[in-house]
Number of protein chains: 2
Amino acid sequence: MAANGTNSTNGVKDNNSKFDPHFTQHVIGLMAPETQPRHREILSSLIKHLHDFCREVELTQDEWIIGVNYVNSIGQAYKKNRNEAWRVCDVLGVESLVDEINHKIATEKGIEPTSSTILGPFWSPDTPFRDLGASCVLNMPADGQLTLFHGVIKDAETGKGIQGAVFDMWQASTNGKYDVFDPEHQLSNNLRGKFRTDENGKFWFYCLKPTEYAIDTSGPSGDLLKLMGRHPNRPAHIHMMVTHPDYIGVTAQLYPNDDPWLETDTVCAVKDDLLLDFKPIQNDPSGATLDVEYDVRLLSKKYKPDSSMLMGNANQNNF
Amino acid sequence: MAANGTNSTNGVKDNNSKFDPHFTQHVIGLMAPETQPRHREILSSLIKHLHDFCREVELTQDEWIIGVNYVNSIGQAYKKNRNEAWRVCDVLGVESLVDEINHKIATEKGIEPTSSTILGPFWSPDTPFRDLGASCVLNMPADGQLTLFHGVIKDAETGKGIQGAVFDMWQASTNGKYDVFDPEHQLSNNLRGKFRTDENGKFWFYCLKPTEYAIDTSGPSGDLLKLMGRHPNRPAHIHMMVTHPDYIGVTAQLYPNDDPWLETDTVCAVKDDLLLDFKPIQNDPSGATLDVEYDVRLLSKKYKPDSSMLMGNANQNNF
């Protein structure tokens, strides 16, 4: 990969520029020979795109200073449970793009597993297993709509149900809050649960119809949204992380197909095959008023033997 | 300018990509119709280059998280007299590039004024005027080399000296510190002075041969330098800001032509026409042991009527 350090599209642009055509290569060339190849590759591309951006818009000094101050403000807004750089990336579509880059699996036969989308910051490693048919609603809000959620986890290639796959789900309550940020109203692990599929790959449980919520707009990410004339709303969603030892896992968010924010999700994480159709039901033994069916397609690990689910270095704080 | 929102080089890249070819345009398209044209232009280009960067290097999630943490760390390192985002830009060559973008003046006749380079953070609006022939060395360090600096400020087109032009200069002492950061050893305005050219455009004064120094490497900008295997040194330099009401001003740094760091300046601000040749002299009435001659070429304001010297919004903290 490092060998493609020159990239022809930008090279051409540079040469036709009215500015010093050698400057960007000069800066890249300052890297020492012993720089690690992956660092060199990433930083070369970063420098090239950063310079091309400046030249393309002919950034003024005033605008550059605004940018410098903006970058400083991101880290200044950082605090526990508020990762502002992460949020800015989300607003710019970067988390969603990186998710696609890392999880897109194109098989030669055109077999398509269920799409992946961003994990988000609220997954918990401590979510308990619950029995099939159990409810993850430990605290029922007055405006909650109890939903019977069911489906099959299938092999994307054969269509056969996968026994023993784990459907790990989590969602916010109707006030837009996850259990950890709402201890007054929610028990720990409210609206979280892991369910293991039966011999036919089936799983079923009770949850809430999810509710849309707005991201916090008080910091630099909110300023960026305002500048772009964008709203801060995320479509309602239920998170899922589906795993099985023999299959490539899928992490995604599932959205009601009638949500008003599907097209304009503030973090750009909606995909066509992640929509849910909530249907009214009557006489459910647990009192559910809605029913939703969603099947998950997993791809065998033979297509990506080194796949792993989580981010090993998520807490690393430097290069 | 906003009309060129599509940029063919990146457009082609997008379409040939193995990733969703519509994603970047989707994110750009979230901007509201009432977004200001310049904001739209800058953010469209920024989003496009940021996404192209991620796709080009196929950024992993771990690497993205490292980047998120790095961006947060920049603002966390910010304090009075430590603008870490500015430093990171300098290391990546961005300040120098933005300076070129804003000050490159190409005349039809190929007349070239003296190159501009970065202002840096140490210019002072309070520097006093001094008489021609005066010394700006208020505190002579033991290892200082007193230098007679002289030259002519000329019209770049006619070659004629310009009367009444101002040569505003500032430099660090031999310990690498500017007056404001070194009150124990330096009086206020030590090594700073403004000199007004005589009727022939000539100016002359005494200063020190400048000394190279290293930028502070204790923060994220230093981490970035280490990652790239780069040293933190700036070549020795004397700053100048040259102005006259009828001419386009020039801000630059002048470097001894025998400095070891010219090629690898950590902030990438050296240009070929900004080099100084220090020559030994004897019997100078003020005791100078070195002589340097440097002429400055200014271009008439008729070539850029709206030119201005300083950054009006330098203290603005948001978009």
Side-chain angles (χ1 to χ4, degrees), chain A residues 9 13 19-20 23 27 30-32 34-35 39 41-43 45-47 49-54 56-62 64-66 68-69 71-76 78 85-86 89 92-94 97-98 100-102 104 223 227-230 264 268 311-314 316-319, chain B residues 9 13 19-20 23 27 30-32 34-35 39 41-43 45-47 49-54 56-62 64-66 68-69 71-76 78 85-86 89 92-94 97-98 100-102 104 223 227-230 264 268 311-314 316-319:
Chain A
T9 46
K13 189 174 179 65
F19 306 114
D20 178 357
F23 183 71
V27 177
L30 290 178
M31 273 186 273
E34 58 271 26
T35 304
H39 290 164
E41 181 183 18
I42 289 176
L43 288 165
S45 176
L46 183 70
I47 291 167
H49 282 292
L50 194 56
H51 287 199
D52 281 345
F53 158 68
C54 292
E56 189 171 298
V57 303
E58 298 198 10
L59 201 66
T60 70
Q61 281 184 305
D62 282 355
W64 172 65
I65 293 282
I66 291 168
V68 164
N69 290 337
V71 171
N72 280 319
S73 76
I74 292 171
Q76 289 169 315
Y78 179 93
W86 190 308
C89 282
L92 296 174
V94 175
L97 177 63
V98 169
E100 186 198 7
I101 290 169
N102 284 269
K104 186 94 167 190
D223 295 341
L227 193 77
M228 295 195 279
R230 286 170 50 183
T264 57
C268 317
M311 294 170 281
N313 294 326
Q316 197 171 329
N317 206 17
N318 45 43
F319 273 91
Chain B
T9 45
K13 191 174 177 63
F19 306 114
D20 177 357
F23 183 71
V27 176
L30 290 179
M31 273 187 271
E34 60 271 24
T35 304
H39 290 164
E41 182 182 17
I42 290 175
L43 288 165
S45 176
L46 183 70
I47 291 167
H49 282 292
L50 194 56
H51 287 197
D52 281 346
F53 157 69
C54 293
E56 189 171 299
V57 303
E58 298 197 9
L59 201 67
T60 70
Q61 282 185 303
D62 281 356
W64 172 66
I65 293 282
I66 291 167
V68 163
N69 289 336
V71 171
N72 280 319
S73 76
I74 291 171
Q76 288 168 317
Y78 179 93
W86 190 307
C89 282
L92 296 175
V94 175
L97 177 62
V98 168
E100 187 199 8
I101 289 169
N102 284 270
K104 186 94 168 189
D223 295 340
L227 193 77
M228 295 195 280
R230 286 171 50 183
T264 57
C268 316
M311 292 169 281
N313 294 327
Q316 197 171 330
N317 206 15
N318 44 43
F319 270 92

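The shortest heavy-atom contact between Val57(A) and Glu41(B) is CG1-O, 3.8 Å. When every heavy atom of Leu227(A) is checked against every heavy atom of Leu43(B), the shortest pair comes out as CD2-CD1, 3.6 Å. The shortest heavy-atom contact between Trp86(B) and Ile65(A) is CZ3-CD1, 3.2 Å. Residues Ile101(B) and Cys54(A) come closest through the heavy atom pair CD1-O, 3.4 Å.
Taking CD of Glu56(B) as the reference point, atom CG of Leu46(A) lies at 10.5 Å (rounded to 0.5 Å). Atom CE in Met228(A) sits 8.0 Å away from atom OG1 in Thr35(B) (nearest 0.5 Å). Atom CG of Leu97(A) and atom CG of Leu59(B) lie 9.0 Å apart (nearest 0.5 Å).
Neither the backbone nor the side chain of Glu34(B) comes within contact range of chain A; no heavy atoms are under 4.5 Å apart. When heavy atoms are compared at a cutoff of 4.5 Å, Ile47(B) approaches chain A solely by way of its side chain, counted from C-beta outward.
For Phe23(B), the ring pair (Phe, Tyr, Trp, His ring centres under 6.0 Å) partners at least two apart in sequence or on another chain are His51(B). Residues passing the side-chain contact (heavy atoms from CB on, under 4.5 Å) test with Cys89(B) are Trp64(A), Val68(A), Val94(B), sequence neighbours excluded.
For the pair Glu100(B) (side chain) and Asp20(A) (backbone), a donor-acceptor distance under 3.5 Å is present. Panel note: side chain Asn69(B), backbone Ala85(A); no donor-acceptor pair is recorded below 3.5 Å.
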Asn72(B) and Ile74(A): CA distance, side-chain angles, deciding distance, side-chain contact (heavy atoms from CB on, under 4.5 Å) verdict: CA-CA 6 Å; Asn72(B) 280 319; Ile74(A) 292 171; 3.8 Å; yes
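Residues Thr60(B) and Asn102(A) meet the side-chain proximity criterion, which asks for heavy atoms closer than 4.5 Å.
The candidate from Gly75(A), Gly93(A), Ala32(A) with the greatest count of non-hydrogen atom pairs under 4.5 Å with chain B is Gly75(A). Options Val71(A), Leu30(A), Val27(A), Leu50(A) differ in how many heavy-atom pairs under 4.5 Å they form with chain B, and the most are formed by Leu30(A).
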